[in-house]
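These numbers come from the heavy atoms of this one structure, side chains and all, not from hydrogens, waters or symmetry mates. In what follows, chains are A, B, ... by sequence order, proteins preceding strands, each numbered from 1. As the structure is a computational prediction, the values presented were derived from the model and not from experiment.
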Number of protein chains: 2
Amino acid sequence: MPGNGKPGAESIDPERLWLRPTEPRRGRRPSFSREAITAAAVTLADAEGLDAVTMRRVAAEVGAGVMSLYSYAPDKETLLELMVDHVSGELTVTGPPSGDWRADLKTVARLQRANMLRHPWLPVALSTRRVPGPNTLAFLEHVLAVLRPTGLDGAAKLEVFAQITAFVAGHVAHEIAQAAVSRSPDRAAAEGRYLAAVAADGRHPELAEALSAPGRPLAPDATFSRFLNRLIDGLDTD
Amino acid sequence: MPGNGKPGAESIDPERLWLRPTEPRRGRRPSFSREAITAAAVTLADAEGLDAVTMRRVAAEVGAGVMSLYSYAPDKETLLELMVDHVSGELTVTGPPSGDWRADLKTVARLQRANMLRHPWLPVALSTRRVPGPNTLAFLEHVLAVLRPTGLDGAAKLEVFAQITAFVAGHVAHEIAQAAVSRSPDRAAAEGRYLAAVAADGRHPELAEALSAPGRPLAPDATFSRFLNRLIDGLDTD
DNA sequence: TTTATTCTCGTACGTCGTACGAGAATAAAG
DNA sequence: CTTTATTCTCGTACGACGTACGAGAATAAA
């Protein structure tokens, strides 16, 4: 059950999922691989959105029967977990921390943003997933190293990582929605007319003024940088 | 299609949805109301999560036939939009801006967080919705008034509002996930064992240290305040 | 060769969103 | 009071979804 906020949602067992060496040396040999299936699902999501990722579509893409997928992931929810960790593998760290942890942290956030822009479904998928897979853990390991000079305790470092990820996800989700509207002139026009009508009703003077004095259009990259700087420069070591 | 990041997802027409007075004075009188249907859907989502909100469940809750709902909302996506604006009505502003716009902005963010904690599905639902309904617009109007002393131009003010909303949504989504894990001792234990196993593999020294020196447990409210202060105190008027 | 094990996948079930259209209720027109 | 137009109600039906089940195929050990 992806994409909800259910209080008692049941979840993945991380031990069964990630801590399994390849034991079985008997029985029929697998025709596919978890890797290939995950990659196909990611490609599908990139091209057609998360809703296009159905077990049937993924199976067809891999050339497998639908039910064969269940030999590699116990359910669809787990497949999504695999997808998230798969693309986390693209968060390639260039080298060891420079020592300037604020600069390093900004680089980290920029890497995450780039990855989310490459995989627009990622912010949504991330918002309900919790157990980090190996690729996510490798990235986390780097972030913890970056944070070493801060002297923060363990829990605080983990919190900073989660917070930055949440911040970037939220920002990019909004960025993507904006871009989608801009890409469709009809939709942008409809939205503009709607807001103009609201502004004209007299009960929204502030909105009316904001729309009439828009200022220069904002570049997404610059906006991201500005908010990122505010957040990270504000971080303190106490 | 909720909860995805599809590039060309089709969307709501805000003019048809929000700018409709009650015109029709002929034909059969409606047996239900958009308001009642939306409220039922919200109650359902609060109690059982977003996935429990199906057209059949909502109809049953209201006492209507399933297809009758489609007289009040053209599709489920629109119903979600109605739900989001419905709970935005709970963002009750206490009074006019105090003049200390940073303090006011923090109050705004706290209101939003409280609302999202009351409706845990809200962060997820928000991440794909874009057109503000009347309740959202009323709240936005207040935020714009709060931002007046900053002298920012219209686009920048709107950007700040979107950014704060995204920040709070991201934070609360993570907060909710954390709380869900903590509420289940089994899950928390499984996750702990998993992370301990990873930390013990020797390739994650930073993680090992972070877990061994956790520091005092973090209070969610305090953590939120800390990050909120960083973000808002860092806002500047240039 | 037999047996145990592991994977493959066709079939089937229950649930979902919603298209369709027949019927019920209501207001205006005759 | 009819008639007609309009608006809403909702039973039925369709295609797509996730996945339980189990029969058959492939492989390794006995």
Side-chain angles (χ1 to χ4, degrees), chain A residues 1-4 6 9-12 16 20-37 40-41 44-45 48-83 125 128, chain B residues 1-4 6 9-12 16 20-37 40-41 44-45 48-83 125 128:
Chain A
M1 42 195 36
N4 74 354
K6 179 178 305 191
E10 72 286 349
S11 137
I12 306 301
R16 268 203 218 300
R20 282 281 196 238
T22 49
E23 336 161 358
R25 266 284 142 268
R26 222 152 76 169
R28 184 172 180 168
R29 231 179 266 111
S31 308
F32 314 100
S33 74
R34 179 180 276 190
E35 179 66 16
I37 291 168
L44 202 48
E48 303 183 35
L50 253 199
D51 287 354
V53 180
T54 69
M55 301 305 269
R56 285 166 229 260
R57 283 293 306 271
V58 173
E61 221 71 45
V62 180
V66 189
M67 294 310 292
S68 297
L69 299 188
Y70 289 86
S71 299
Y72 300 90
D75 52 28
K76 193 193 177 182
E77 175 65 18
T78 302
L79 179 56
L80 289 175
E81 206 99 21
L82 292 170
M83 290 170 65
T128 48
Chain B
M1 45 191 37
N4 75 351
K6 176 177 308 189
E10 72 287 345
S11 137
I12 306 300
R16 267 200 218 300
R20 281 285 196 237
T22 48
E23 336 163 358
R25 268 282 140 267
R26 222 151 76 168
R28 186 172 180 165
R29 231 180 262 110
S31 307
F32 316 101
S33 74
R34 180 179 276 188
E35 178 66 16
I37 291 168
L44 202 48
E48 304 183 36
L50 253 199
D51 286 353
V53 179
T54 69
M55 299 306 268
R56 284 166 231 261
R57 284 290 312 267
V58 173
E61 220 71 47
V62 181
V66 188
M67 294 311 291
S68 297
L69 299 188
Y70 288 86
S71 299
Y72 300 90
D75 52 29
K76 193 192 179 183
E77 175 65 17
T78 301
L79 179 55
L80 289 176
E81 206 99 21
L82 292 171
M83 290 170 64
T128 48

Polar atoms only, N or O, under 3.5 Å: list the protein pairs with nucleotides 14-17 of chain C and their distances.
from, atom 1, to, atom 2, distance (Å)
C:dG17, OP1, B:Lys76, NZ, 2.9
C:dG17, OP2, B:Met55, N, 3.0
C:dG17, N7, B:Arg56, NH2, 2.5
C:dG17, O6, B:Arg56, NH2, 2.9

Under 4.0 angstrom between A:Ser68 side-chain N/O and C:dC9 OP1 or OP2:
yes
If I take atom CG in residue A:Leu50 and atom C1' in nucleotide D:dC17, what distance separates them, rounded to the nearest angstrom?
15 Å
Answer yes or no: does a side-chain N or O of B:Ser71 lie under 4.0 Å from OP1 or OP2 of D:dC8?
no
How long is the straight-line distance from CG of A:Asp51 back to CG of A:Leu44, given to the nearest 0.5 Å?
11.0 Å
For a stem of at least 3 consecutive Watson-Crick or G-U pairs with distances under 3.5 Å, i pairing with j, i+1 with j-1 and so on, which stems involve DNA chain C?
C:1-6 with D:25-30, C:8-22 with D:9-23, C:24-30 with D:1-7
Rounded to whole angstroms, how far apart are CG on B:Leu69 and C1' on D:dT9?
11 Å
Using a 4.0 Å cut-off on heavy atoms, which residues in residues 58-67 of chain B reach DNA chain D? List them by number, or say none.
B:Ala64, B:Gly65, B:Met67
Checking A:Arg16 now: which residues fulfil side-chain contact (heavy atoms from CB on, under 4.5 Å) with it, not counting sequence neighbours?
A:Asp13, A:Arg20
Kindly state each residue pair satisfying side chain to side chain donor-acceptor pair (under 3.5 Å) with at least one member in residues 54-66 of chain A, sequence neighbours excluded.
A:Glu48-A:Arg57
For the residue pair A:Ala40 and A:Val62, what are the closest heavy atoms and their distance?
CB-CG2, 3.6 Å
Heavy-atom pair with the smallest gap, counting every atom of A:Ala59 and A:Val66
CB-CA, 3.7 Å
Under 3.5 Å, which donor-acceptor pairs link side chains of residues 29-37 of chain B to any protein atom two or more places apart or in another chain?
from, atom 1, to, atom 2, distance (Å)
B:Ser33, OG, B:Ala36, N, 2.9
B:Arg34, NE, B:Tyr72, O, 3.3
B:Arg34, NH1, B:Leu17, O, 3.2
B:Arg34, NH2, B:Tyr72, O, 3.4

Report the distance from atom CZ of A:Arg34 to atom P of C:dC7, rounded to the nearest whole Å.
11 Å
Do nucleotides 25-30 of chain C as a string where each nucleotide becomes B, S or -: B if the base has a protein heavy atom under 4.0 Å, S if just the sugar-phosphate does, - if no protein is that close.
BBSS--
Between NZ on residue A:Lys76 and CG on residue A:Leu82, distance to nearest 0.5 Å
13.5 Å
For residues B:Val53 and B:Ala41, report the shortest heavy-atom separation together with the two atoms involved.
CG2-O, 3.7 Å
If you look at every heavy atom in B:Met83 and B:Ala45, which pair is closest and at what distance?
CE-CB, 3.7 Å
May I have all residue pairs that pass side chain to side chain donor-acceptor pair (under 3.5 Å) and include part of residues 62-71 of chain A, sequence neighbours excluded?
none
Shortest non-hydrogen contact from A:Ala125 toward A:Leu50:
CB-CD1, 4.4 Å
